[in-house]
There are 2 protein chains.
Amino acid sequence: MMNKPLTIGHLARAADVNIETVRYYQRVGLIQEPHKPATGYRVYPAETIDRIKFIKRAQPLGFSLQEIAELLDLGDGHCDDVRLHAEEKRDQIDQQIRDLTALKKTLDKLITACQSENDASHCPIVETLAGNNNKGTYNT
Amino acid sequence: MMNKPLTIGHLARAADVNIETVRYYQRVGLIQEPHKPATGYRVYPAETIDRIKFIKRAQPLGFSLQEIAELLDLGDGHCDDVRLHAEEKRDQIDQQIRDLTALKKTLDKLITACQSENDASHCPIVETLAGNNNKGTYNT
DNA sequence: ATAAGGTCTGTACTTAACAACAGACTTTGA
DNA sequence: TCAAAGTCTGTTGTTAAGTACAGACCTTAT
């Protein structure tokens, strides 16, 4: 028996996205649309599943499709150029991790305070993250 | 001499957002609109600056305005309820940190490989973040 | 061999998160 | 004082990231 060709519907299912999302990603160039065979439907390479999953995991981390495309393109260029971009991305991610860690710490404190004693009337969440300690450290 | 009242324009500048953004946040309930005095313009409390800054820093971390509202509301409820929500948020943030850390590691490897020279023709970024690989298999 | 269901091309609708006016009113600075 | 600049209310426009069809065509299972 033949194993089933990975047509768009199966691809969408495997990557757990709407079929229209796949088409959309093709339109904006995030994934490549395979050639349409003389007869029949388009067949996708299995790697496309991983590519879409990557996209879907990167989005809730705060990356736009544009930024994700840049990440995905990192493997393609020439070394020097790639390294520069990769370093830039890494620094950006580093900052995100720092911000999230600070936020987490604040939540932990809030949770602890809540457990130990009462009067959770006001919490320092806003002050912590609004903090002047790191003003406008984001680039791009 | 009087110090200037914090009207909407000054607020926007202080928080480094468009004035329309402030109005938008009011419309959706993220920040409270002060009462309009009998005569003159609305005056905002200084905390609103921090609140907006918080919002603007939380967004690129992947939080929607809806989620940010939930974070900001954490300080308001009653202890038991608050703790549950806070713990949920903290776990979510924890996951985000893990994901970002993994991504950073991948980038670091790419950078190192790139430095130690030669062919960066292929990098493992996609595979890494695509997570629990069900490689080549998909269900119908 | 034919009905059911998947795919194709194209267009249109949706939601979140703003940004941009218009036209009237209010405050401020020279 | 009076023009420039800021504010108010309300409406409309914009971009990103999808989602939803319609109508024709293709494949597969019965």
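Computed from a predicted structure; not experimentally measured. Letters go in sequence order (proteins before strands), and every chain restarts at 1.
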Scan nucleotides 11-17 of chain D against the protein and return all N/O pairs shorter than 3.5 Å with their distances rounded to 0.1 Å.
from   : atom 1 : to    : atom 2 : distance (Å)
D/dA17 : OP1    : A/L65 : N      : 3.0

**OP:** Dump the intermediate steps for side-chain contact (heavy atoms from CB on, under 4.5 Å) on A/I55 and A/V17, then the final yes or no.
**Re:** CA-CA 11 Å; A/I55 296 167; A/V17 296; over 6 Å; no

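- Heavy atoms only, all atoms of each residue included: A/T7 and A/Y44 are closest at C-CD1, 4.1 Å.
- In terms of heavy-atom proximity, B/I52 sits nearest to B/A15 at CG2-CB, 3.6 Å.
- With rounding to whole Å, B/E67 atom CD is found 13 Å from C/dA16 atom P.
- Checking D/dA20, D/dG18, D/dC8 against every side-chain atom of A/T21, the shortest atom distance belongs to D/dG18.
- No donor-acceptor pair closer than 3.5 Å links the side chain of B/Q96 to the backbone N or O of B/G62.
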**OP:** Would you sort out whether B/H85 and B/K89 count as a side-chain contact (heavy atoms from CB on, under 4.5 Å), showing the intermediate values?
**Re:** CA-CA 6 Å; B/H85 283 116; B/K89 287 290 172 194; 5.6 Å; no

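- Put simply, CD1 on A/I52 is 13 Å from C1' on D/dG18, counting in whole angstrom units.
- As a whole-Å value, the separation of A/I8 CD1 from C/dG6 P is 13 Å.
- Between B/L30 atom CG and C/dC18 atom C1' there is a gap of 12 Å when expressed in whole angstrom units.
- The pair A/D16-A/K56 does not meet the salt-bridge criterion, since no charged nitrogen lies less than 4.0 angstrom from a carboxylate oxygen.
- To the nearest angstrom, P of C/dT9 lies 12 Å from CD1 of A/I19.
- Sorted by residue number, the members of residues 31-41 of chain A with any non-hydrogen atom under 4.0 Å from DNA chain D read A/T39, A/G40, A/Y41.
- Defined by atom type and a distance below 3.5 Å, a donor-acceptor pair is present between the side-chain atoms of B/R98 and B/Q95.
- When every heavy atom of B/E67 is checked against every heavy atom of B/S64, the shortest pair comes out as OE1-N, 2.8 Å.
- The phosphate of C/dG6 (OP1 or OP2) has no side-chain N or O of A/T7 nearer than 4.0 angstrom.
- Between A/N18 and the phosphate of D/dA20, there is a side-chain N or O to OP1/OP2 separation shorter than 4.0 Å.
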Pairs under 3.5 angstrom only: tabulate donor-acceptor contacts from the side chains of residues 29-43 of chain A to other protein residues two or more places apart or in another chain.
from  : atom 1 : to    : atom 2 : distance (Å)
A/E33 : OE2    : A/R42 : NE     : 3.2
A/E33 : OE2    : A/R42 : NH1    : 3.4
A/E33 : OE2    : A/R42 : NH2    : 3.4

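- Between the CZ atom of A/R23 and the C1' atom of D/dC21 there is a distance of 12 Å, rounded to whole Å.
- Rounded to a whole Å, the NE2 atom of B/H10 is 14 Å from the C1' atom of C/dT26.
- In this structure, CZ of B/R42 is placed 14 Å from C1' of D/dG6, rounded to the nearest angstrom.
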